[in-house]
Amino acid sequence: MKIPFNKPYLSGNELQYIRRAVESGHISGNGTYTKKCQSYFEERWGFQKCLLTTSCTDALEMCALLLDIKLGDEVIMPSYTFVSTALAFVRQGAKIVFVDSRSDHPNMDEDLLEELITSKTKAIVPVHYAGAACDMDKIMALADKYNLYVVEDAAQAIDSYYKGKPLGSIGHLGCFSFHETKNIQSGEGGMLAINDERFVKRAEIIWEKGTNRAEFFRGEVNKYGWVDIGSSFLPSDIIAAFLYAQLENLDDIQAKRKAIWNTYYEGLKPLADQGFVKIADIPDYTTNNAHLFYLLCNNPEDRDELIGHLKSNEMHAVFHYLSLQESEYYEKFRDKRKLPHSVMFSDHLLRLPFYYELSEDQIIDIIKHIQDFYANQAK
Ligand SMILES: Cc1ncc(COP(=O)(O)O)c(C=O)c1O
């Protein structure tokens with residue numbers, strides 16, 4: 001492909017920091033760069049405690065353990081999300097209750113949540129699609145009213161804000177991804193942000209294979225051992241070294257991504273104004289962190305043909321999530337409710353190439369091919 005969908009990149013010091021980590025003699029977890037990254041997140045966004053993980057999937061699994069999710073518990077989340085959002089809770093035996101998307105945005109429809117809450121509901125998991133916030137005031141008010149936990153799936157939402165508050169800092173727990181498609185990346189990678197004091201100590205134990213090893217290394221206990229459940233959730237310091245170099249360039253990365261987003265938006269708005277496509281509105285309570293740019297085609301056929309047209313011009317556009325309620329795995333568990341908006345986003349949404357090194361000329365080229373596609377259709 002002349003223009004791939006994604007391209008990982010080096011922002012400057014990645015290889016130098018990996019070398020330094022190796023030379024320091026500590027490349028396992030919880031090393032110097034892990035601590036530097038965690039402090040950076042805590043200081044910049046005010047998260048109470050951050051723990052790097054090997055993925056957002058892992059961070060979500062830690063949440064399911066921390067909340068003691070067990071057989072029979074119910075967890076509410078959008079159907080329009082990635083499998084990982086559900087996986088962590090399903091593994092613990094929870095029943096997933098999927099909620100539909102809003103009609104105007106892939107995020108969960110907050111107004112449908114209350115009717116889904118039962119005496120078994122334990123948690124709500126909002127997903128901030130494309131880094132755009134769910135209406136967290138509504139969600140947190142319900143959580144307070146029914147005594148529920150809120151886990152923000154902020155996989156795509158680094159450096160994005162709801163009414164000025166960083167996403168991932170509002171729920172009891174927040175989970176981030178640094179997968180190579182994300183704004184800040186380390187190949188695979190993730191982070192758990194803990195915003196509730198009650199979970200801090202246990203999270204560290206679960207992170208360190210069920211041991212109090214972190215306390216031991218801080219000199220708080222004189223030996224360490226097996227004290228709880230857990231797993232090996234912490235990444236190598238090599239991954240953290242890569243991530244730290246990216247964090248140092250966060251402002252530059254974000255400025256570049258916002259410029260890419262705006263070029264797409266300005267170039268494609270005329271097609272939206274003529275009704276050929278939709279560009280989803282971003283609610284006024286959220287910032288846009290320029291994680292991805294998507295169009296909504298008028299029907300699934302247009303979407304698939306447009307993907308094919310771009311592909312034949314060596315430009316890789318993709319669809320996104322398949323509504324989880326409709327998935328093969330969930331068939332045996334699902335209730336009879338239809339979730340039409342989730343299905344609509346699965347069928348109509350198209351993501352355009354988006355990465356740091358994408359040039360303005362390339363974006364203009366992509367836009368031109370989209371315009372050609374609709375010009376031919378109008379003939
Ligand atoms: C909403 C959402 N949650 C979780 C994940 C899983 O992230 P990771 O690949 O870091 O495990 C993704 C992946 O893109 C995602 O989009």
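All ligand and atom numbering here is 1-based and tracks the order in the structure. Residue indices begin at 1 and follow the sequence shown. Side chains included, hydrogens not; waters and symmetry mates left out as well; all remaining heavy atoms used.
With sequence neighbours excluded, the residues forming a ring pair (Phe, Tyr, Trp, His ring centres under 6.0 Å) with His172 are Tyr149, listed by chain and number. Under the rule for a ring pair (Phe, Tyr, Trp, His ring centres under 6.0 Å), His348 has no partner lying at least two apart in sequence or in another chain.
Counted within 6.0 Å of NZ on Lys311, heavy atoms from surrounding residues, nucleotides or ligands total 12 or fewer; the atom is thus considered open.
Interface atoms of ligand 1 facing Thr57, defined by a heavy-atom separation under 4.0 Å, are 6 (C), 8 (P), 11 (O). Within the listing of ligand 1, atoms 10 (O), 11 (O) sit less than 4.0 angstrom from a heavy atom of Ser55.
Looking from atom 3 (N) of ligand 1 to the surrounding protein, the closest heavy atom is Asp153 OD2, 2.7 Å. When hydrogens are left out, the protein atom nearest atom 7 (O) of ligand 1 is Cys56 CB, 3.3 Å; that is the closest non-hydrogen contact. Closest to atom 5 (C) of ligand 1 among all protein heavy atoms lies Phe82 CD2, 3.7 Å. The closest protein non-hydrogen atom to atom 10 (O) of ligand 1 is Ser177 OG, 2.7 Å. The protein heavy-atom contact nearest to atom 14 (O) of ligand 1 is Lys182 NZ, 2.8 Å. Of the protein's non-hydrogen atoms, Tyr321 OH, 2.6 Å is the one closest to atom 16 (O) of ligand 1.
Results of the side chain to side chain donor-acceptor pair (under 3.5 Å) test with Asn313 over His369, Lys368, Lys2 single out His369 as the only residue that passes. Partner of Tyr129 under the ring-ring contact (aromatic ring centres under 6.0 Å, His included) criterion, out of His291, His320, His341: His320 alone.
Between His105 and Tyr294, the angle of the ring planes goes over 60°, which puts this pair in the perpendicular group of the 30/60° scheme.
With a 4.0 Å cut-off on non-hydrogen atoms, Ala155 touches ligand 1 through its side chain and not its backbone.
Centroid-to-centroid, the aromatic rings of Tyr80 and Tyr321 come within less than 6.0 Å.
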